[in-house]
Amino acid sequence: MAALKVAVVGAGVIGLSTALCVMETCPSCSVTVLSDQFSPNTTSDVAAGMLIPHTYPGTPIHVQKQWFKETFTYLFAISNSAEASEAGIHLVSGWQVFKSTPKEELPFWSDVVLGFRPMSEAELQKFPQYRCGQAFTTLKCDCPPYLLWLEKRLKATGIQMYSRKVSDLWELHSEYDIVVNCTGIGARQLVGDKKLFPVRGQVLKVYAPWVKNFIRDGDGLTYIYPGIHRVTLGGTREKGSWSLSPDPGTTKDIFDRCCSLEPSLQEAQDIKVKVGLRPSRQCVRLQREVLSQGGVKLPVVHNYGHGAGGFSVHRGTAKEAAHLVGECIAALRGSSSGAKL
Amino acid sequence: MRVAVIGAGVIGLSSALCIHEQFHGLAPSLEVELYADRFTPHTTSDGAAGLWQPYLSDLGNLQETLWNKETFDHLLGHLHSPAAQEMGLFLLSGYNLFTEPVPDPSWKNIVLGFRNLTPKELELFPGYSYGWFNTALMLEGRSYLPWLTNRLTQRGVKFFHKKVESFQEVGGDGVDVVINCTGMRSGELQPDPELQPGRGQVIKVLAPWVKHFIITHDMKSGIYKSPYVIPGSEFTVLGGIYQHGNWSEENSAQDHKTIWESCCRLLPALQKAKIVSEWSGLRPSRPQVRLERESVWHGNVQGEVIHNYGHGGFGITIHWGCAMAAARLFGSILQERRKVASSPQPRL
């Protein structure tokens, strides 16, 4: 039986990790990645890549926790190996601080990250405007390195990657047996999903190599995330804004907010401004669909809508998407093994 | 009042600064001069990684623990000042690893967020079954020493590039007090059998993905004989050598191999790190720091020497507490001189 041809559309962290999982689950498949953008021009490249989950209102907590745990465990192993620096994965410790006591004393992910505990009074003295906080150690996926490392792993398995703008999933039906839709914010137009909306984020990537700890305001708007070479300073969460142009007023505002959390950032050099549109949704769309026209069917697996939590759950959702691809394959093979009596 | 400080490592520069800051307005025409044959970046302090962390046990030297605390609190107070980055001062979190449970250190309440490691964290470090996590400070010599030098220059302290052969050489000739901050080579000015070199060697690499210090301990071998990794603002320092009594400042190929292999075993990602340089230095080790006054005679003139040396591998960790203590000793000398000067003449 001929190898099934799977097209993964999208080459951000979701597309690449899903393609890798599909190959791992179904080594006999021929997998191709199609995308109009590759690193360093994807939404993933703008993100800091911190493993601190975003909570999806529409997904049961135990499922989100499972996705996060799976992703954390996977990356933890890489961070501990000789490949860590090439993959851009590293451990980072720091503090999440709150001006007012949060509703939830313990977030659902507190036992997945390392060493989670409330901050001591002495630690809080560094943050005079904040009344409480949490200290923990987590992982960071630096991009482009992580995406480039995924691309390298994919090429090593024989996966092809093509720069191509797919305007309609159906256009792939003649070349591919199964399509996996990892188009992030692009899904809005590609499949007309009105439940998907952008949450615009502007960030600064600065040179401040003495910053070794992360600091995050519990309101999610101000954060300092040290990467391998640059520190990401954020940010904004502008619901419904499609603008990809950096806003100078916002740049100054982000810089000021971060400097009040960490005054030494005043000495930061070489400030680069980036904008990304978080592909946001009540819940990640992780489901099968069968497109059909004129008796011809095209199975599709959707894996998009990760919003602010893409990195935190990418491996977990990629594995689930690969599992759904497996179900599509079983369905295709079942239906091709002879007509029903 | 002329003061000659001998030594331009972290101890000499900080002692000079402390004394000048506290007394320049009080002592009549206080002149501070600094003599050294080595200046930054060629001092022992420049080779150190710069991590604030005392030894595991203070061996009952409570005074040293207090000086360590004074230093930490002083630096913490500067953390948010505009000078912090120029000083090379920043917070750094990390791990201390052991193969068996150990008592908590004297400094557990000085550093921030001290706690034991969780089982999952220990998975990162096969072979180690116990450990601590805490947030401490880094004070990089290559930034801090120039910063101290600038502060001193601004205050009018004069620097002399010269190898001082004796206290008498700078004492006498109008110098009232000598501050002896000569570290490893104090024995050349006054024999001290308790002062011995604790030779160390370090490899500096480019590994910017390392964001934590990792210090392993082998309780049987002793301090610094087990691998450690300390990330600075630009380079990461790999070490794990402590050779008591070895005066060699040459890099040893065997030590290089020991450091490299043990650190790469600890952190496999280091295998991909680019080596930038290698350095050997002598920790001025002593059972305890020598911080005390001594009267020294130049002909028939009595001069005072304040000794401030023997800080081993914790010079940066303890420097400010010691500088303040040296300044207090200086203050008492000033006080005595004033009493003598203002005491009534004897009646005939």
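A, B, ... follow the sequence lines: proteins, then strands. Residue 1 opens every chain. In what follows, every heavy atom counts, from backbone to side chain, and hydrogens, waters and symmetry copies are set aside.
For A:Ser81, the part lying under 4.5 angstrom from a heavy atom of chain B is the backbone only. Proximity to chain A (any heavy atom under 4.5 Å) is shown, for B:Ser81, by neither the backbone nor the side chain. Only the side chain of A:Pro263 comes within contact range of chain B, judged by heavy atoms closer than 4.5 Å. Both the backbone and the side chain of A:Asn80 come within contact range of chain B, each with at least one heavy atom under 4.5 Å from a heavy atom of that chain. If you measure heavy-atom distances from A:Ala135 to chain B, you find no contacts under 4.5 Å at all. Using a 4.5 Å cut-off between heavy atoms, A:Gln266 does not touch chain B at all.
To the nearest 0.5 Å, atoms CG (B:Asn109) and OG (A:Ser120) are separated by 10.0 Å. To the nearest 0.5 Å, atoms OG (B:Ser93) and CH2 (A:Trp95) are separated by 5.0 Å. Rounding to the nearest 0.5 angstrom, the gap separating the CD atom in A:Glu121 from the CG atom in B:Leu112 is 12.0 Å. For the atom pair A:Phe76 CZ and B:Leu124 CG, the distance stands at 3.5 Å (nearest 0.5 Å).
Of the N and O atoms on the side chains of B:His80 and A:Lys126, at least one donor lies less than 3.5 Å from an acceptor on the other residue.
Of all heavy-atom pairs between A:Ser85 and B:Lys272, the closest is OG-CB, 3.7 Å. Pairing each heavy atom of A:Ile228 with each of B:Pro208, the nearest pair is O-CB, 3.2 Å.
At least one side-chain heavy atom of A:Ser93 sits less than 4.5 Å from a side-chain heavy atom of B:His212. Put simply, the side chain of A:Leu91 does not reach to within 4.5 Å of the side chain of B:Val210, judged on heavy atoms. Using a 4.5 Å cut-off on side-chain heavy atoms (C-beta onward), A:Thr137 and B:Phe133 make contact. The shortest side-chain heavy-atom distance between A:Ile89 and B:Trp209 does not fall under the 4.5 Å cut-off.
In terms of non-hydrogen atom pairs under 4.5 Å with chain B, the most contact-rich of A:Asn213, A:Val211, A:Val92, A:Asp142 is A:Asn213. Taking chain B as the reference chain and counting heavy-atom pairs below 4.5 Å, the highest number among A:Arg117, A:Met119, A:His229 is found for A:Arg117. The choice from A:Gly227, A:Ser264, A:Pro209, A:Gly115 that makes the most heavy-atom pairs within less than 4.5 Å of chain B is A:Gly115. Looking only at heavy-atom pairs under 4.5 Å with chain A, the residue among B:Gln271, B:Glu140, B:Lys120 that has the most is B:Lys120.
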